[in-house]
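So that the names make sense, note that chain A is the first sequence line, chain B the second, and so on, each numbered from 1.
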2 protein chains.
Amino acid sequence: MSQDGAGIDLQTSLGYLLKQASSALRASMEEALRPLDMTVTHYSCLELLAQRPGLSSSELARGAFVTRQSMNALLQTLERDGQVTRPAEAPVGKALPAQLTARGRRDLAEATAAVRAVEDRMLTGLSDTERSAARGVLRSMVASLQTPPPP
Amino acid sequence: MSQDGAGIDLQTSLGYLLKQASSALRASMEEALRPLDMTVTHYSCLELLAQRPGLSSSELARGAFVTRQSMNALLQTLERDGQVTRPAEAPVGKALPAQLTARGRRDLAEATAAVRAVEDRMLTGLSDTERSAARGVLRSMVASLQTPPPP
DNA sequence: GAACGTATGTCAGGATGCTGACATGAGTCA
DNA sequence: TGACTCATGTCAGCATCCTGACATACGTTC
């Protein structure tokens, strides 16, 4: 297996390391959010709405990396629980702009604190320079992957 | 939302960037592997076995970030398709060491090429120094997250 | 105005994966 | 030896999410 061009060394592969880090982060976030009865997608939805009020179900789905159907089901639950409000009719087109309620903002604040603690733990031992470099590298990876492969 | 200590700026958050990059990579890998009738977990299993023959179902599950149950179901399919072999009885304990067959190695070679192309595309525009730095940062993140949170 | 492409919300169906639980085998410690 | 802990394989049941499809609404183009 040490032959040239044979396999992909998983311990060196940036793709594998990416998956490993993402998986560990997700597990830690789920653990931190469980006491608050919140899933990662649930939290992501609230955080997105806090930063960009009026996002539609489809836009939230893209931002939280799930399908429209899943996000719409979640939004119905959040509406029922009083964390999110949506108008009965679309002001334009078919998109229903969602908004956080006061309760939604309050619940989000707790969740944000928990998630921030996880992220701080993850970044322990990394200098500001390293964090900044990591942001640049990750942004570059995303941009390169967005570009479709040459058919 | 620019208030101190309010939300987490998703465009700056390394956690969000990590998820974004990982999600984009997974989508690209699935796209690249689809013509070969292979899923990402399927490929991961084969690649792990190529590098470390004799891994058990549970060990493969941890390496591919799925549950033992899912990996075992996959292994049964791979055995049926002749890509993997396992002894009928455990040589020691209950763990059944899995091995790639010749066919498994051949199918893996195709998949590895496809995945390598995706990874190369992802790393376009990044210098060797940046790639090396990214490895260091990701390994540090994983290690920090492994350490359980102080209760 | 009409046709086309795109984006959204929504429905049904099915595949996929996980949680929880159990019995077995091996190692550890007294 | 016996009790304890840990890891593995396996079963059943359930939750979750996605794929595929359809109707609607807007913008663009001719």
What integer distance in Å separates [X]:[atom1] from [N]:[atom2]?
X	N	atom1	atom2	result
Glu30(A)	dT19(C)	CD	P	8 Å
Leu55(A)	dT8(C)	CG	P	10 Å
Arg62(B)	dA7(D)	CZ	P	8 Å
Glu59(B)	dT8(D)	CD	C1'	10 Å
Leu60(B)	dT8(D)	CG	P	11 Å

Looking at [X], I'd like to know whether one of its side-chain N or O atoms comes within less than 4.0 Å of OP1 or OP2 on [N].
X	N	answer
Arg86(A)	dT8(C)	no
Ser58(A)	dG9(C)	yes
Asn72(A)	dT10(C)	yes

Spacing of [atom1] belonging to [X] relative to [atom2] belonging to [Y], to within rounding of 0.5 Å:
X	Y	atom1	atom2	result
Thr67(A)	Arg62(A)	OG1	CZ	12.0 Å
Leu138(A)	Leu138(B)	CG	CG	6.5 Å
Arg34(A)	Met29(A)	CZ	CE	12.5 Å
Ser13(A)	Arg135(B)	OG	CZ	8.5 Å
Leu36(B)	His42(B)	CG	NE2	10.0 Å

With a 4.0 Å cut-off, would you call Arg116(B) and Asp120(B) a salt bridge?
no
Exactly one of Leu74(A), Leu60(A), Leu78(A), Thr77(A) clears side chain to side chain contact (heavy atoms under 4.5 Å, CB included) with Val84(A), and that residue is Leu78(A)
A correct 5'-to-3' footprint of nucleotides 17-27 of chain D, with B, S and - meaning base, sugar-phosphate only and no protein heavy atom under 4.0 Å, is SSBBB-BBSS-
Within-4.5 Å side-chain heavy-atom neighbours: Leu10(B) and Glu47(A)
yes
Under 3.5 Å, is there a donor-acceptor pair linking the side chains of Tyr16(A) and Gln20(A)?
no
Net bend of the helix from dG1(C)-dC30(D) to dA30(C)-dT1(D), end axes of five pairs each, nearest 10 degrees:
40°
